[in-house]
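Report on the structure given below.
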There are 2 protein chains.
Amino acid sequence: MIIISKRFDILYKRGVILGITIKDIAKLAGVSTSTVSLVLSKKGYVSETTQTKVQKVIDEYNYRPLRAARQLASHLTGYIGFIISHVHLSRSEAFYTRILLGSELEARNYDASIILSTVGLDFSIPNEVPRFLKEKAVDGIIIAGSVREDLIQYIYQEGIPVVLIDFRINDLHLDNVFIDNRSGVRQAVEHLIQKNVERIGFVGGSFYHPSIQERFEGYQLAMEKGGLGDIARDKAFHFLENSETTAEIGEKGMAQVLTNVPDLEAVICVNDTTAMGCLQHLRKKKLHVPSDLAVIGFDDVNIAAVAHPPLTTIHVPKIEMGVTAIRLLIDRIAHPSQVHQTRLVPVELVIRESSLKNQNGQ
Amino acid sequence: MIIISKRFDILYKRGVILGITIKDIAKLAGVSTSTVSLVLSKKGYVSETTQTKVQKVIDEYNYRPLRAARQLASHLTGYIGFIISHVHLSRSEAFYTRILLGSELEARNYDASIILSTVGLDFSIPNEVPRFLKEKAVDGIIIAGSVREDLIQYIYQEGIPVVLIDFRINDLHLDNVFIDNRSGVRQAVEHLIQKNVERIGFVGGSFYHPSIQERFEGYQLAMEKGGLGDIARDKAFHFLENSETTAEIGEKGMAQVLTNVPDLEAVICVNDTTAMGCLQHLRKKKLHVPSDLAVIGFDDVNIAAVAHPPLTTIHVPKIEMGVTAIRLLIDRIAHPSQVHQTRLVPVELVIRESSLKNQNGQ
DNA sequence: CTGAAAGCGCTTACAG
DNA sequence: CTGAAAGCGCTTACAG
């Protein structure tokens with residue numbers, strides 16, 4: 001609790017802030033508090049006339065039940081914990097941030113609020129897990145992106161309803177919201193093949209994150225399917241460094257693949273950020289995109305559309321992912337023991353200039 | 001409240017989730033609940049021996065008081081509402097996001113949690129204000145960046161403790177955390193003048209946001225002080241469009257000022273995002289930065305350091321702003337009627353390549 | 001320094 | 001359909 005002065009405390013108690021209660025409403029409407037409560041929760045069992053009579057008083061006094069009291073009596077908090085790593089929250093692509101936005105918006109539709117908790121890598125379990133976990137202050141939890149596995153293990157063992165977004169840990173069956181990474185990359189590969197572009201490389205990053213891994217696998221699968229299995233299996237065409245996917249990794253990767261394969265025609269990047277690095281490297285090398293080389297990203301974050309040239313990429317519906325996670329979580333809270341569910345959010349190729357090879361790509 | 005099935009409800013009540021209470025601890029330690037509560041709140045008045053005895057049981061059972069019960073009894077929630085516009089949360093510069101991160105981290109030091117609420121422009125007051133405002137679910141509120149003025153008016157009238165970050169509304173005396181914009185721009189101007197750069201332009205944006213306005217004023221003041229008043233007052237050197245500060249605005253602004261003043265030597269941008277637009281335009285025009293023209297941004301967001309060339313800018317300590325806001329708010333909650341306070345966070349010029357004119361700038 | 005007891009503002013069986 | 005009453009799990013004067 002916040003440490004407050006005695007003085008404030010007294011003010012508080014004197015009613016400076018304490019407001020109208022359910023008792024007041026009951027008295028004013030000439031009914032019992034139970035009835036008011038029933039009207040409030042819209043659980044039915046109240047006659048039309050009583051209902052309107054009570055509602056009128058509620059509206060008149062703009063009454064809203066005190067959440068804390070409601071929580072205590074009902075054993076439900078109306079709060080959803082949203083856990084995200086410092087790294088993800090701070091990243092500049094507004095990827096996870098938009099997922100958070102989606103969750104926040106959708107939570108309201110269930111009369112719930114989001115309690116945010118960021119986590120780093122350096123906390124101890126169970127002593128320093130997010131506070132709400134130990135105070136039963138949330139009904140369920142959403143985890144966006146990668147966090148330490150033992151945190152998820154802890155939550156799992158505590159039996160708190162949880163949904164993971166764009167992350168998984170093996171052997172643990174939890175509700176998940178995934179990106180359809182394989183489909184996304186397949187669309188990209190097919191788009192290129194259709195233009196008779198075949199010498200297609202891949203620049204990627206950390207395999208710690210499942211999405212990253214799936215994107216590379218998707219590339220290999222789609223290439224194989226398109227009759228380009230040799231390239232799909234030729235390491236000269238691939239750059240995979242097990243680290244955060246930054247623009248620097250993109251630059252480095254582009255440089256390396258280009259050295260290996262001077263007549264490379266296109267590169268698919270694990271995400272838009274690395275694609276920006278590729279563009280950067282190509283600019284330095286005075287190579288023109290897309291006429292010399294096509295570049296395709298993944299995610300469709302803000303920078304993609306304003307890059308030079310505008311980046312062809314796979315659009316990931318970030319807000320919808322946040323929305324979906326809330327719905328899954330609500331469902332899980334209502335049915336704690338049902339079998340775990342997975343939602344695969346669809347993605348779509350957005351064709352901009354960076355891939356318009358052999359087409360006088362504007 | 002979240003709508004849940006009867007079945008879940010029953011599980012809940014059966015103790016699947018209900019845990020150990022203060023009563024249990026009291027019994028186990030052989031003291032009264034009051035004593036346990038006193039130990040928990042560390043309010044003193046408990047003998048050393050009782051304290052350790054009780055603490056031992058608390059630790060052994062890993063007991064944590066239920067927040068809702070505590071809230072109801074103490075009239076304090078331990079929650080802080082954080083209000084931010086959809087636009088700010090979604091922006092790609094991780095500016096407000098880092099402020100949020102700072103607040104989240106600092107809140108923990110006061111045993112408080114952050115409840116997030118995003119707002120758009122299209123809500124009605126008082127019916128659609130953030131839920132926590134009407135349910136007395138927070139002890140105080142932080143507003144980061146610009147939001148609708150009538151929302152702030154509403155909060156003010158409700159008497160809820162509030163701190164504004166990087167925003168103000170005239171005539172309303174609230175606690176504020178401001179960026180020292182004038183000092184920042186002054187440092188930039190002095191840096192340029194010191195290199196004998198004098199024909200310095202300014203590219204800016206929306207005057208709706210006070211920081212934006214202050215940065216232009218700071219430019220004029222510093223120019224005046226440096227003996228360049230003529231330029232400070234010459235509209236040909238300035239581009240000020242009343243819209244969101246995007247990279248596009250930067251491109252457009254750079255183009256216009258350069259048309260007006262072909263022998264321009266430097267441009268100071270209202271923020272890094274517009275500076276990126278300027279760089280973009282100069283690249284298109286085949287002008288070299290910094291040898292042809294120096295460019296300086298403001299904010300020091302992620303992209304600044306990795307821009308080409310790396311951008312000289314004013315570093316704004318974003319995390320600290322979030323931290324400061326929490327401290328101000330805690331203080332305000334403790335002393336509701338004290339005179340309002342303003343914290344000016346210091347900023348610092350970070351010299352990178354984009355301003356190293358006349359120096360063989362790498 | 002410690003305990004018994006009231007009370008915070010709701011919800012929810014239960015009885016009618 | 002409606003009301004009286006118990007109870008949720010804490011905190012906090014108050015008395016000793």
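In this text, all values refer to a predicted model and were calculated from it rather than measured experimentally. Values below: every heavy atom of this structure, side chains too, minus hydrogens, waters and symmetry copies. Every chain is numbered from 1 and lettered A, B, ... according to where its sequence line falls, protein lines coming before strand lines.
Here the side chains of B:Leu133 and B:Leu151 are in contact, with some heavy-atom distance below 4.5 Å. Here the side chains of B:Tyr63 and B:Leu40 are in contact, with some heavy-atom distance below 4.5 Å.
A residue-by-residue look at A:Thr33 and B:Val31 shows that B:Val31 has its nearest nucleotide of DNA chain C further toward the 5' end. The nearest heavy atom of DNA chain C to B:Thr49 and to A:Arg64 marks one nucleotide each, and the one closer to the 5' end goes with B:Thr49.
Under the 3.5 Å distance criterion, the side-chain polar atoms of B:Glu106 are left unmatched by any main-chain donor or acceptor of B:Ile326.
Under 4.0 angstrom from either OP1 or OP2 of C:dT2 there lies at least one side-chain N or O belonging to B:Ser47. For B:Tyr63 and D:dG9, the shortest distance from a side-chain N or O to OP1 or OP2 is not below 4.0 Å.
Of the candidates C:dG9, D:dT11, D:dT2, the closest approach to any side-chain atom of A:Ala73 belongs to C:dG9. The side chain of B:Leu38 lies closest to C:dT2, out of C:dT12, C:dC10, C:dT2. Among the nucleotides C:dT11, D:dT11, D:dG9, the one closest to the side chain of B:Leu66 is D:dG9. Listed candidates were D:dC8, C:dG3, D:dT2. Nearest to the side chain of B:Ser32 is C:dG3. Picking from D:dT11, C:dG3, C:dC10 the nucleotide with the shortest atom distance to the side chain of A:Pro65 gives C:dC10. In this structure, the nucleotide among D:dT2, D:dC10, C:dC10 sitting nearest to the side chain of B:Thr21 is D:dC10. Comparing C:dC10, C:dC8, D:dA5 by their closest approach to the side chain of B:Leu72 singles out C:dC8. The side chain of B:Arg70 has D:dT11 as its nearest neighbour among D:dT11, C:dC10, C:dT2.
Distance A:Lys136 NZ to D:dC8 P: 14 Å, rounded to the nearest Å. Distance NE2 (B:His75) to P (D:dA13): 10 Å, rounded to an integer number of Å. Following rounding to the nearest Å, A:Asp24 (CG) and C:dC10 (C1') show an atom-to-atom distance of 13 Å. When rounded to the nearest whole Å, the span between CD1 of A:Ile58 and P of C:dC10 equals 11 Å. As a whole-Å value, the separation of B:Ile25 CD1 from D:dT11 C1' is 16 Å. Between B:Ile22 atom CD1 and C:dG7 atom P the separation is 19 Å, expressed in whole Å. When the C1' atom of D:dC8 is taken as reference, atom NZ of B:Lys23 falls 10 Å away, rounded to whole Å. Atom P of nucleotide D:dC8 and atom CD1 of B:Ile20 are separated by 15 Å, given to the nearest angstrom.
Checked against salt bridge (charged side-chain N to carboxylate O under 4.0 Å, His left out), B:Glu320 has no partners two or more places apart in sequence or in another chain. Annotation: salt bridge (charged side-chain N to carboxylate O under 4.0 Å, His left out) contacts of B:Arg343 (sequence neighbours excluded): none.
A donor-acceptor contact closer than 3.5 angstrom is absent between the side chains of B:Ser37 and B:Ser34.
Among the atoms of the strands shown, base atoms are found under 4.0 Å from some heavy atom of B:Ser34. Heavy atoms of A:Ser37 sit under 4.0 angstrom from at least one base atom.
Each of B:His340, B:Arg332, B:Gln338 was checked for a side chain to side chain donor-acceptor pair (under 3.5 Å) with B:Asp175, and the lone residue meeting it is B:Arg332. Between B:Leu164 and the options B:Thr342, B:Leu172, B:Ile142, B:Leu174, a side chain to side chain contact (heavy atoms under 4.5 Å, CB included) holds for only B:Leu174.
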5'-to-3' dot-bracket of DNA chain C (Watson-Crick, G-U; under 3.5 angstrom; crossing pairs as [ ]; | other strand)
|||.||||||||.|||

